[in-house]
Amino acid sequence: MALNGKIAVVTGAANGIGKAMTEKLLQNGAKVTLLDVNETAGKNLMESLQKEYGQEKTLFMKCDVESEEQIKDAFHKTIETFGGMDILCNNAGILDESQWEKTVSINLVAVIRVANLALEQMSKLSGGRGGVIINTASMAGLGPLPSCPVYTATKHGVIGFTRAMGAASAASGYGVRINAICPGFVQTDLFSRIPSKLGKLSHLDDLNQQLIEKFGILTVSEVADPFFELVTDETKNGEALLVVPSRKQYVTFPGLP
Ligand SMILES: NC(=O)C1=CN([C@@H]2O[C@H](COP(=O)(O)OP(=O)(O)OC[C@H]3O[C@@H](n4cnc5c(N)ncnc54)[C@H](O)[C@@H]3O)[C@@H](O)[C@H]2O)C=CC1
Ligand SMILES: CC/C=C\CC(=O)/C=C/C=C\C=C\C=C\[C@@H](O)[C@@H](O)C/C=C\CCC(=O)O
């Protein structure tokens with residue numbers, strides 16, 4: 001899939017990985033709707049991107065992925081403004097073990113909500129033109145992080161949802177590929193705040209430090225490049241792409257006997 005002229009929506013676009021995804025999409029000729037609860041950061045980024053890529057290439061909307069109404073409005077505004085919807089970057093997420101229900105609500109429930117609402121717009125069976133959904137999971141979706149079991153659970157859920165929904169989409173003829181990107185540690189605000197977000201398991205942050213030593217820390221640009229591959233490679237559906245500084249690999253999962 002060439003990105004030139006394609007229309008993308010990015011959740012959690014104002015900072016971190018979502019911001020890098022947005023920039024990668026714009027660099028390759030796409031138009032992007034930026035969605036984020038952080039209105040100040042989102043508006044500032046949009047103004048900066050419009051200076052670099054043109055007024056007509058970006059749209060920012062304050063949008064909480066926990067709100068079905070706000071997501072629906074954002075998708076309708078995207079289609080009204082740009083003429084369609086080809087790509088969803090289902091990226092917004094938090095890490096806060098002391099607010100575990102909110103973590104589940106944003107990282108898993110909202111990922112499912114946003115994907116389902118996007119499929120209503122993108123599926124060829126409902127008048128859409130197909131496309132691709134990229135869910136931002138994590139390496140914590142492939143193995144446990146003892147310091148943040150709830151976060152770990154949400155990311156495992158995102159990967160399971162991605163694999164099953166990708167297969168469902170193919171079997172149903174939606175024309176929408178669905179993949180997960182699974183980064184290791186990435187230098188962002190979320191990463192910087194971790195020690196204060198572990199709740200009653202904060203004594204286990206040492207384990208995180210050991211894992212950081214083992215796997216290293218990615219820059220957001222090092223996530224954006226493999227993300228671009230997942231978006232553009234039309235052979236990829238239902239995949240989980242692990243990204244750490246030393247390698248990137250498509251994960252193979254144990255099959256049922
Ligand atoms: N930083 C890391 O080490 C890793 C992060 N991830 C995942 O990457 C995604 C992005 O995280 P980062 O860029 O690191 O975090 P970040 O905190 O730098 O950026 C997240 C963005 O999402 C927005 N956001 C939060 N809740 C929202 C909501 N309810 N509705 C709309 N927007 C919301 C925030 O305002 C922020 O702009 C998350 O899903 C995270 O779990 C995955 C692997 C590693
Ligand atoms: C503390 C959370 C920090 C930031 C958010 C985030 O999502 C970062 C995750 C980074 C790494 C997670 C590593 C998990 C490691 C363990 O579960 C091991 O069991 C390794 C898991 C999979 C190994 C895959 C492989 O090496 O091929």
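Just so it is clear, the values below take in all heavy atoms, side chains as well, and ignore hydrogens, waters and symmetry mates. When a ligand or atom number is given, it counts from 1 through the structure's own listing order.
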task: Apply the test side chain to side chain donor-acceptor pair (under 3.5 Å) to residues Asp205 and Ser147: give CA-CA distance (whole Å), side-chain angles for both, the deciding distance (0.1 Å), then the verdict.
output: CA-CA 6 Å; Asp205 191 47; Ser147 67; 5.7 Å; no
- prompt: Near Lys57 NZ, under 6.0 Å, is it more than 12 heavy atoms from other residues, nucleotides or ligands?
  reply: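 Above 12, so yes.
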field: Test: Lys236 cationic atom under 6.0 Å from Tyr250 six-membered ring centre, within 45° of axis
entry: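 So Lys236 does make the cation-pi contact.
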query: Do Asn91 and Thr11 have side-chain N/O donor and acceptor atoms under 3.5 Å apart?
result: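 Per modelled atom types, Asn91 and Thr11 side chains form no pair under 3.5 Å.
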- request: Output all residues satisfying salt bridge (Lys or Arg N to Asp or Glu O under 4.0 Å) with Asp36, sequence neighbours left out; order by chain, then residue number.
  value: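 Scan of Asp36 (salt bridge (Lys or Arg N to Asp or Glu O under 4.0 Å), adjacent residues dropped) gives none.
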field: Residues which pass salt bridge (Lys or Arg N to Asp or Glu O under 4.0 Å) with Arg193, listed by chain and number, not counting sequence neighbours
entry: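 Salt bridge (Lys or Arg N to Asp or Glu O under 4.0 Å) check on Arg193 returns nothing, list empty.
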Distance dump, ligand 1 polar atoms to protein, N/O, under 3.5 Å:
from: ligand 1; atom 1: 1 (N); to: Val186; atom 2: O; distance (Å): 3.2
from: ligand 1; atom 1: 1 (N); to: Thr188; atom 2: OG1; distance (Å): 3.0
from: ligand 1; atom 1: 3 (O); to: Val186; atom 2: N; distance (Å): 2.9
from: ligand 1; atom 1: 3 (O); to: Val186; atom 2: O; distance (Å): 3.4
from: ligand 1; atom 1: 13 (O); to: Ile17; atom 2: N; distance (Å): 2.9
from: ligand 1; atom 1: 14 (O); to: Thr188; atom 2: OG1; distance (Å): 2.6
from: ligand 1; atom 1: 17 (O); to: Arg193; atom 2: NH2; distance (Å): 3.2
from: ligand 1; atom 1: 29 (N); to: Asp64; atom 2: OD1; distance (Å): 3.0
from: ligand 1; atom 1: 30 (N); to: Val65; atom 2: N; distance (Å): 3.1
from: ligand 1; atom 1: 35 (O); to: Asp36; atom 2: OD1; distance (Å): 2.6
from: ligand 1; atom 1: 37 (O); to: Asn15; atom 2: ND2; distance (Å): 3.1
from: ligand 1; atom 1: 37 (O); to: Asp36; atom 2: OD1; distance (Å): 3.4
from: ligand 1; atom 1: 37 (O); to: Asp36; atom 2: OD2; distance (Å): 2.6
from: ligand 1; atom 1: 39 (O); to: Asn91; atom 2: O; distance (Å): 2.9
from: ligand 1; atom 1: 39 (O); to: Lys155; atom 2: NZ; distance (Å): 2.9
from: ligand 1; atom 1: 41 (O); to: Tyr151; atom 2: OH; distance (Å): 2.7
from: ligand 1; atom 1: 41 (O); to: Lys155; atom 2: NZ; distance (Å): 3.0

Give every pair made of an N or O atom of ligand 2 and a protein N or O atom lying under 3.5 Å apart, one pair per line with both atom names and the distance to 0.1 Å, or write 'none'.
from: ligand 2; atom 1: 7 (O); to: Ser138; atom 2: OG; distance (Å): 2.6
from: ligand 2; atom 1: 7 (O); to: Tyr151; atom 2: OH; distance (Å): 2.6
from: ligand 2; atom 1: 17 (O); to: Gly143; atom 2: O; distance (Å): 3.1
from: ligand 2; atom 1: 17 (O); to: Pro144; atom 2: N; distance (Å): 3.0
from: ligand 2; atom 1: 17 (O); to: Pro144; atom 2: O; distance (Å): 2.8
from: ligand 2; atom 1: 26 (O); to: Arg247; atom 2: NH2; distance (Å): 2.8
from: ligand 2; atom 1: 27 (O); to: Arg247; atom 2: NH1; distance (Å): 3.4
from: ligand 2; atom 1: 27 (O); to: Arg247; atom 2: NH2; distance (Å): 3.3

query: Where is the tightest heavy-atom contact between Ala137 and Ile159, given as atom of each residue plus distance?
result: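 Heavy-atom minimum between the residues: CB-CG1, 3.6 Å.
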message: Ignoring hydrogens, what is the shortest heavy-atom contact between Asn38 and Ala14? Give both atom names and the distance.
response: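 Smallest heavy-atom distance, with atoms named: O-CB, 4.2 Å.
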message: Taking Met165's backbone N and O only, do any of them form a donor-acceptor pair with Ser169's side chain (distance below 3.5 Å, no angle check)?
response: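 Looks like no, no N/O pair under 3.5 Å.
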